[in-house]
Amino acid sequence: MLRLGKINIHDVRSGVETKIENGVLYIEGLEFLKKMLDEDKRLKSLCIEIARPGEKKRIIPIKDVIE
């Protein structure tokens with residue numbers, strides 16, 4: 001049976017594996033993603049940021065940023 005649960009996340013960080021530990025969501029692969037995208041010479045600059053719970057951020061679809 002599928003059970004719906006609620007997990008309170010108070011922080012998000014880059015990690016070596018994707019997991020939730022003590023209210024922190026760790027996301028695997030951000031360094032790998034940055035390294036891979038840095039190799040693309042078509043990109044002039046690159047900045048990867050994590051939108052954390054409670055922060056005021058505007059998140060837009062990538063199609064609005066890249067032609």
Side-chain angles (χ1 to χ4, degrees):
M1 175 189 324
L2 180 63
R3 295 178 62 189
L4 180 61
K6 183 177 179 180
I7 301 171
N8 291 318
I9 303 294
H10 60 82
D11 196 10
V12 181
R13 299 180 189 163
S14 179
V16 294
E17 65 179 325
T18 300
K19 65 180 180 178
I20 298 171
E21 188 174 89
N22 299 322
V24 178
L25 171 61
Y26 294 91
I27 302 174
E28 172 189 12
L30 292 180
E31 290 303 316
F32 173 75
L33 176 63
K34 183 176 182 342
K35 181 181 175 187
M36 189 173 69
L37 292 173
D38 274 341
E39 295 174 2
D40 190 333
K41 300 305 176 200
R42 297 172 294 174
L43 299 174
K44 183 177 180 179
S45 65
L46 174 66
C47 178
I48 299 174
E49 294 184 29
I50 297 175
R52 291 178 169 78
E55 287 184 340
K56 292 186 179 186
K57 297 280 183 185
R58 181 170 182 214
I59 301 172
I60 58 174
I62 195 163
K63 66 182 179 192
D64 291 346
V65 179
I66 298 175
E67 288 184 347

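Keep in mind the model is a prediction, meaning the values are calculated, not measured.
Here the CZ-CG distance, from Arg42 to Leu37, works out to 10.0 Å after rounding to the nearest 0.5 Å. Here the CG atom belonging to Leu25 is positioned 7.5 Å from the OG1 atom belonging to Thr18, to the nearest 0.5 angstrom. Here the CD atom belonging to Glu55 is positioned 8.5 Å from the CG atom belonging to Asp11, to the nearest 0.5 angstrom. To the nearest 0.5 Å, the span separating CG on Asp38 from CG on Leu33 amounts to 9.5 Å.
In the hydrophobic clustering of ILVMFWY residues, with side-chain heavy atoms under 4.5 Å counting as a link, Ile7 and Ile27 come out together. Cluster membership check: Val12 does not share its hydrophobic cluster with Val16, using side-chain heavy-atom separations under 4.5 Å among Ile, Leu, Val, Met, Phe, Trp and Tyr. Cluster membership for Ile48 and Met36, using ILVMFWY side-chain heavy atoms within less than 4.5 angstrom, is shared. The hydrophobic cluster containing Ile9 also contains Ile50, counting ILVMFWY residues as joined when their side-chain heavy atoms lie under 4.5 angstrom apart, directly or transitively.
Side-chain contact between Asp40 and Leu46 is absent, with no heavy-atom pair separated by less than 4.5 Å.
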